[in-house]
Amino acid sequence: MSEATWVTLSFAFSTVTNLVVLFGILSFIYWIWGNKTPLVAKYHDLLEILLAAAYTGYALVLAALNSHFTTPLLGLHWTGLNLLVVAIFIFDLLLANRWQFAIGVLETLGYAWFMGGRPTPAVLALLAGLILVQAFASFGGYRFWRNHAVMLGSLALAGVLAMGLMWVIGGSLDFAGFWSRQIIAFVVIAVGAYEYFRMLLVSQLRVESQIELDELTGLKNFRTFDHDMHTRYAGYRQNGTGLTLLELDIDWFKRINDTYDHLVGNAVLKGVGQATAAFAQALPQTAAAYRLGGEEFCIAVTALPQDAALGVAQALKAKLDALTFTADGAAFSITVSVGLAEAIPADLNYLDVYKRVDHFLYEAKRAGRDRLNIGGRIVA
């Protein structure tokens, strides 16, 4: 084979190998992200940053070794440059961390210094452009990571700036096929890395959304309720905005399952869940609906005026009592019991509010069901 063929094969195999290894590192980072073991969960940010730094450091050393042991005409150190530019961008986008950004900047500057760059206006301008692209990925990329045009355009800009930087530092390389190989290699690594990153992130978000949502009703589950309530209660403490919980329970739900069957019972749960979610969404205040488990549901409302609490609870109960369901060709309706509690200064955390509303709901059921309990007062 000719020398040009060997060079082309070297570029191709080096590109594919580096891309596969980059896929492996991204997979490992996502494994760390999703790992819930105590040790990994405690240090997952640090582990991800160290892993990303190790890989981009590998790309930096790869470029240095290729530059030292091969003739510059082969341009193998440029393969390392491709990998370094893409890896830093993807890790900046993925981790969105100021430490990762700082490491990427240092590696970018280190590469230019190692390859003999001098602080000329052109070199400084190209370096500044590269660092700005990295800053965009770190601090603004999370808004656009689903947008192919923005992400691939940003990667393309990073590639143009990096190649321009090396052209300024190393002089023009115009032998046959060099630029076409270089550009193709960059496109393959950039598109492959971004698409793999995007696929992993979409998959992870889908898994997390399933964990956060109740499978039957589509409402947020108790795990999400617990997380959200910590945030809402912190806002109540810091800003003085009110926090109101309305907890409801379907009356005599076991009878529905026993009289009809569990499929009908599931249809009732789904209908009540959807109606509760629609009610919460229609409120003028910030509100969210949750299925706490079994036949119990909850709505958390921020900044609900005290004089509006009874009206909201009555409207919720009326909406759910008006629902109709069908079994064996016959229609039937349900009733619900509702408890309402508001956060007060004496509460230590959101659990105090939750325990209180749960107690109010229990008292409403003990009073005969089909009742409202507003702050400890039973309303028929």
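We're numbering straight along the sequence, starting at 1.
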Heavy-atom distance under 4.5 Å between the side chains of L283 and F279, does that happen here?
yes
At their closest point, which heavy atom of L26 faces which heavy atom of A193, and how far apart are they?
CD1-O, 4.1 Å
F101-F139 aromatic ring centre distance below 6.0 Å
yes
For the residue pair S138 and R98, confirm or rule out a side-chain donor-acceptor distance under 3.5 Å.
no
Is D92 reaching over with its side chain to a backbone N or O of G104, donor-acceptor style, under 3.5 angstrom?
no
Looking at A343, is its backbone amide N or carbonyl O close enough to the side chain of D347 to form a donor-acceptor pair, meaning the two atoms are under 3.5 Å apart?
no
Taking all non-hydrogen atoms of both residues, which atom of I378 and which atom of A364 are closest, and how far apart?
CD1-CA, 3.9 Å
Under 3.5 Å, side-chain donor or acceptor atoms of residues 128-137 against the rest of the protein: list the pairs with distances, not counting sequence neighbours.
{"from": "Q134", "atom 1": "NE2", "to": "T108", "atom 2": "OG1", "distance (Å)": "2.8"}

Minimum heavy-atom separation for A185 and N82, please, with both atom names.
CB-ND2, 3.6 Å
Apply the test salt bridge (Lys or Arg N to Asp or Glu O under 4.0 Å) to residues D258 and K254: give CA-CA distance (whole Å), side-chain angles for both, the deciding distance (0.1 Å), then the verdict.
CA-CA 6 Å; D258 293 342; K254 186 176 183 301; 2.8 Å; yes
So F91 and L22, do their side chains get closer than 4.5 Å, heavy atoms only?
yes
Within the structure provided, determine whether L95 and I49 are in side-chain contact (heavy-atom separation under 4.5 Å).
yes
According to a hydrophobic-cluster definition based on side-chain heavy atoms being under 4.5 Å apart (Ile, Leu, Val, Met, Phe, Trp, Tyr only), do L200 and L155 belong together?
yes
Could you tell me which non-hydrogen atom of V86 sits nearest to which non-hydrogen atom of F186, and how far apart they are?
CG2-CE1, 3.8 Å
Just list the side-chain donor-acceptor pairs under 3.5 Å for residues 238-249, sequence neighbours left out, or say none.
{"from": "E247", "atom 1": "OE1", "to": "D358", "atom 2": "N", "distance (Å)": "3.4"}
{"from": "D249", "atom 1": "OD1", "to": "K365", "atom 2": "NZ", "distance (Å)": "2.7"}

From F297, Y233, Y354, residue fulfilling ring pair (Phe, Tyr, Trp, His ring centres under 6.0 Å) relative to F225:
Y354
If we count only N and O atoms by modelled type, under 3.5 Å, do the side chains of T302 and Q285 hold a donor and an acceptor together?
no
Between the OG1 atom in T56 and the CD atom in E107, the distance rounded to the nearest 0.5 Å is 3.0 Å
Lys/Arg N to Asp/Glu carboxylate O, E363 vs R366, below 4.0 Å:
yes
In sequence, state the C-alpha distance, the side-chain angles, and the governing distance for H148 and Y194, and then conclude on side-chain contact (heavy atoms from CB on, under 4.5 Å).
CA-CA 9 Å; H148 282 82; Y194 169 68; 3.6 Å; yes
Nearest 0.5 angstrom please: L84 CG to Y55 OH, how far?
10.0 Å
Using the rule given for side-chain contact (heavy atoms from CB on, under 4.5 Å), can you reason through N257 versus D261, listing the C-alpha separation, both sets of side-chain angles and the distance that settles it, and then say yes or no?
CA-CA 5 Å; N257 284 331; D261 56 39; over 6 Å; no
Is it possible for you to say whether V202 and M199 belong to one hydrophobic cluster, with membership spreading through side-chain heavy-atom contacts below 4.5 Å?
yes
When you measure from the side chain of R237 to the backbone of P345, do you find a donor-acceptor pair of N or O atoms at a distance under 3.5 Å?
yes
CG/N147 to CZ/R198 distance, rounded to the nearest 0.5 angstrom?
9.0 Å
Begin with the C-alpha distance, continue with both residues' side-chain angles, and end with the deciding distance and a verdict on side-chain hydrogen bond (donor to acceptor under 3.5 Å, both in side chains) for D321 and T335.
CA-CA 5 Å; D321 289 350; T335 62; 5.2 Å; no
Looking at side-chain heavy atoms only, is the closest gap between V357 and V353 below 4.5 Å?
no
Nearest non-hydrogen partners of G265 and I256, listed with the distance:
CA-CG2, 4.2 Å
Have Y362 and S337 got a donor and an acceptor in their side chains that come within less than 3.5 Å?
no
Less than 4.0 Å between a side-chain N and a carboxylate O, is that true for K220 and D228?
yes
In this structure, CD1 of I29 is separated from CH2 of W31 (nearest 0.5 Å) by 12.5 Å
Same apolar cluster (I L V M F W Y, side chains within < 4.5 Å links), L109/I103
yes
Parallel, tilted or perpendicular, judged at 30° and 60°: which one describes the rings of Y30 and F197?
tilted
Is the ring centre of F332 less than 6.0 Å from the ring centre of Y260?
yes
So do the side chains of P119 and V123 get within less than 4.5 Å of each other, counting heavy atoms only?
no
Could you tell me whether H227 atom NE2 has more than 12 heavy atoms of other residues or ligands within 6.0 Å of it?
no
With heavy-atom distances below 4.5 Å as the criterion, would you say the side chains of I90 and Y196 are in contact?
no
When clusters are formed by joining ILVMFWY residues with side-chain heavy atoms under 4.5 Å apart, either directly or through shared neighbours, do L157 and I88 land in the same one?
yes
Minimal non-hydrogen separation, K319 against A275, with atom names
CE-O, 3.4 Å
Among the clusters formed by ILVMFWY side chains lying less than 4.5 Å apart, do F360 and I374 turn up in the same one?
no
Tell me, with the steps shown, if R232 and Y350 meet side-chain contact (heavy atoms from CB on, under 4.5 Å).
CA-CA 8 Å; R232 284 180 182 264; Y350 97 82; over 6 Å; no
Tell me whether the count of non-hydrogen atoms from other residues, nucleotides or ligands lying under 6.0 Å of CZ in R369 goes above 12.
yes
So, taking the atom named CG in L126 and the one named CG in L161, what distance separates them when rounded to the nearest 0.5 Å?
6.0 Å
Side chains of K317 and R371: closer than 4.5 Å at any heavy-atom pair?
no
Taking it one step at a time, do Y290 and N221 satisfy side-chain contact (heavy atoms from CB on, under 4.5 Å)?
CA-CA 6 Å; Y290 305 85; N221 58 22; over 6 Å; no
Hey, does V272 have a side-chain heavy atom less than 4.5 Å from the side chain of V268?
yes
Quick one: pull up CG in N349 and CE in M229 and give me the separation to the nearest 0.5 Å.
12.5 Å
